[in-house]
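A short write-up of the structure that comes next.
Sequence lines set the chain letters: A, B, ... in the order given, protein chains first and strands last, and positions in each chain run from 1. Fair warning: this is a prediction, and the values are worked out from it, not measured in the lab. Atom set for the values below is all heavy atoms of this structure, side chains included, hydrogens, waters and symmetry mates excluded.
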2 protein chains.
Amino acid sequence: MMDTEKNKDYTIDNEQLARFAKAMGHPARITILQFLASLDSCYFGDIHNELPIAKATVSQHLKELKEAGLIQGEIETPKVKYCINKENWEKAQHIFGAFFEINVEKTACCSPEP
Amino acid sequence: MMDTEKNKDYTIDNEQLARFAKAMGHPARITILQFLASLDSCYFGDIHNELPIAKATVSQHLKELKEAGLIQGEIETPKVKYCINKENWEKAQHIFGAFFEINVEKTACCSPEP
DNA sequence: AATATTGTTCGTAATTTTGCGAACTACGAA
DNA sequence: TTCGTAGTTCGCAAAATTACGAACAATATT
């Protein structure tokens, strides 16, 4: 049959952007990313110390950030060192940058506030 | 008592960034935002037509984007016209921009891949 | 008045998220 | 070996998210 129907699947790029955004969709995870980027420390204990939540919960948030690709961790016995995943961080920079490049001025649709 | 304890609350900025990110944390909502920004149309029906989900679900996603402040809607009987909330869109641009301005090069912590 | 169009809201179900304490692992020091 | 440190994982509960069809509302058309 002909392919006249519109493809309604989400694009890979949109899936990826949503994935990153979702990972960033919690204040604890934003705080973690900022802390890691500021490089006051990379250790779990110090990250935990910045946050108002239990260590088990911090561990979970770190796991999610890791699964989204935004951070990585390595064991440095007896501590665990986390850091930004540089490659994917840059990917996120670009993908968010492109997303927000859209010129809203030019595309105003609803009438402005009267 | 003295306030020697570290304040572990999330900052307003981090809460706001997480709020925006969370709203963007679903491919359908990313697609909606892009569609509205591209201005092929502003009407619910056309938005629905772009997505692989039921209209009730589309309506819910639009509601969430509206509650996060990223879009706004107005009735244009018998249709409903949605659009980007310009003010908050720019706010999001800035807040995401600032977030990703962090220089990861300078802050690399974990050893690079060997 | 009956119909059609355009979306929203309701009720419901399945899944995911968030959070915690307790138990556990791994290692080094006493 | 026993203890302490540093985190992870487990088990659970509460809440939020995602999704749908059916019912509903508001308006225009016949």
Side-chain angles (χ1 to χ4, degrees), chain A residues 8-10 14-15 17-33 35-36 40-83 109-110, chain B residues 8-10 14-15 17-33 35-36 40-83 109-110:
Chain A
K8 294 181 177 183
D9 289 350
Y10 303 123
N14 280 2
E15 298 261 18
L17 179 50
R19 184 94 173 76
F20 283 145
K22 189 174 182 183
M24 291 170 57
H26 190 290
R29 293 195 292 265
I30 290 291
T31 304
I32 290 169
L33 290 171
F35 183 72
L36 288 182
D40 286 342
S41 162
C42 277
Y43 295 114
F44 175 92
D46 299 316
I47 296 168
H48 176 214
N49 215 255
E50 294 289 308
L51 300 170
I53 50 181
K55 61 181 178 167
T57 310
V58 173
S59 207
Q60 264 189 177
H61 283 306
L62 288 166
K63 192 177 175 184
E64 282 171 62
L65 287 172
K66 202 159 34 171
E67 280 168 4
L70 289 171
I71 68 170
Q72 54 194 276
E74 63 184 49
I75 295 168
E76 203 169 84
T77 302
K79 301 188 179 180
V80 177
K81 191 155 95 174
Y82 284 97
C83 62
C109 176
C110 292
Chain B
K8 295 182 177 183
D9 289 351
Y10 304 122
N14 280 1
E15 297 260 19
L17 179 50
R19 184 97 175 73
F20 283 146
K22 190 175 182 182
M24 291 170 57
H26 191 290
R29 294 196 291 266
I30 291 290
T31 304
I32 290 169
L33 290 172
F35 183 72
L36 288 181
D40 286 341
S41 162
C42 276
Y43 295 114
F44 175 92
D46 299 315
I47 296 168
H48 176 215
N49 215 255
E50 293 289 308
L51 300 170
I53 50 180
K55 62 181 178 169
T57 310
V58 173
S59 207
Q60 264 188 176
H61 283 305
L62 287 166
K63 192 177 176 184
E64 282 170 61
L65 286 172
K66 202 161 31 173
E67 281 168 3
L70 289 171
I71 67 169
Q72 55 193 276
E74 63 184 47
I75 296 168
E76 203 169 84
T77 302
K79 299 188 180 181
V80 177
K81 189 155 96 175
Y82 285 97
C83 62
C109 175
C110 292

Notebook entry, point to check: Quick check: does any side chain N or O of B:His48 sit under 3.5 Å from a backbone N or O of B:Ile53, one acting as donor and the other as acceptor?
Noted result: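 Yes; at least one donor-acceptor contact below 3.5 Å.
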
Check: Between B:Thr31 and B:Pro27, is there a donor-acceptor pair closer than 3.5 Å when you use the side chain of the first and the backbone of the second?
Finding: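 Here the side-chain-to-backbone pair exists.
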
Answer yes or no: does a side-chain N or O of [X] lie under 4.0 Å from OP1 or OP2 of [N]?
X	N	value
B:His61	D:dT17	no
A:Tyr82	D:dT8	yes
A:Ser59	D:dT8	yes

Could you state the [atom1]-[atom2] distance from [X] to [N], rounded to the nearest angstrom?
X	N	atom1	atom2	answer
B:Leu65	D:dT17	CG	P	13 Å
B:Lys63	D:dA16	NZ	P	14 Å
B:Leu62	D:dA19	CG	P	13 Å
B:Arg19	C:dT17	CZ	C1'	16 Å
A:Glu74	D:dT8	CD	P	13 Å
B:Ile53	C:dG7	CD1	C1'	14 Å
A:Ile75	C:dT25	CD1	P	15 Å
A:Ile71	D:dG7	CD1	C1'	14 Å

Check: Can you tell me how far CZ of A:Phe44 sits from CD1 of A:Ile75, rounded to the nearest 0.5 angstrom?
Finding: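 Answer for the CD1-CZ pair, A:Ile75 versus A:Phe44, is 13.0 Å.
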
For the residue pair [X] and [Y], establish whether any side-chain heavy-atom pair is separated by less than 4.5 Å.
X	Y	value
A:Glu76	A:Tyr43	yes
B:Glu74	B:Tyr82	no
B:His26	A:Arg19	no

Note to self: Heavy atoms within less than 4.0 Å of DNA chain C: which residues of residues 21-31 of chain B have one? Give them sorted by number.
What the structure shows: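 Contacts with DNA chain C under 4.0 Å: none.
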
Notebook entry, point to check: Does B:Arg29 pair with B:Glu64 as a salt bridge, N-O distance under 4.0 Å?
Noted result: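 Yes, B:Arg29 and B:Glu64 are salt-bridged.
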
Heavy atoms under 4.0 Å, any strand shown: does [X] hit a base, just sugar-phosphate, or nothing?
X	answer
B:Ala54	sugar-phosphate
B:Gln60	base
A:Lys79	sugar-phosphate

Checklist line | Closest listed nucleotide, where the reference is the side chain of B:Ala56 and the choices are C:dG19, D:dA22, C:dA22 | finding: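 Nearest to the side-chain atoms of B:Ala56, counting from C-beta on, is D:dA22.
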
Next item on the list: Heavy atoms only: give me the nearest B:Cys42-B:Leu36 pair and the separation to one decimal.
Entry: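 Scanning both residues, the minimum pair turns out to be CA-CD2, 4.1 Å.
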
Might you list the N or O atoms of the protein lying below 3.5 Å from N or O atoms in nucleotides 27-30 of chain C, with each pair's distance?
none

Margin query: I'd like to check the salt bridge (Lys or Arg N to Asp or Glu O under 4.0 Å) partners of A:Glu15; sequence neighbours left out, ordered by chain and number.
Written below: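 If we apply the salt bridge (Lys or Arg N to Asp or Glu O under 4.0 Å) test to A:Glu15, skipping adjacent residues, there are no hits.
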
Item checked: Upstream residue (5' side of DNA chain C) when B:Val58 and A:Lys55 are each assigned their closest nucleotide ->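 Its nucleotide being nearer the 5' end, the pick is B:Val58.
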
Next item on the list: Among B:Ile47, B:Ile32, B:Leu51, find the one that has a side-chain contact (heavy atoms from CB on, under 4.5 Å) with B:His61.
Entry: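 Passing option: B:Ile32.
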
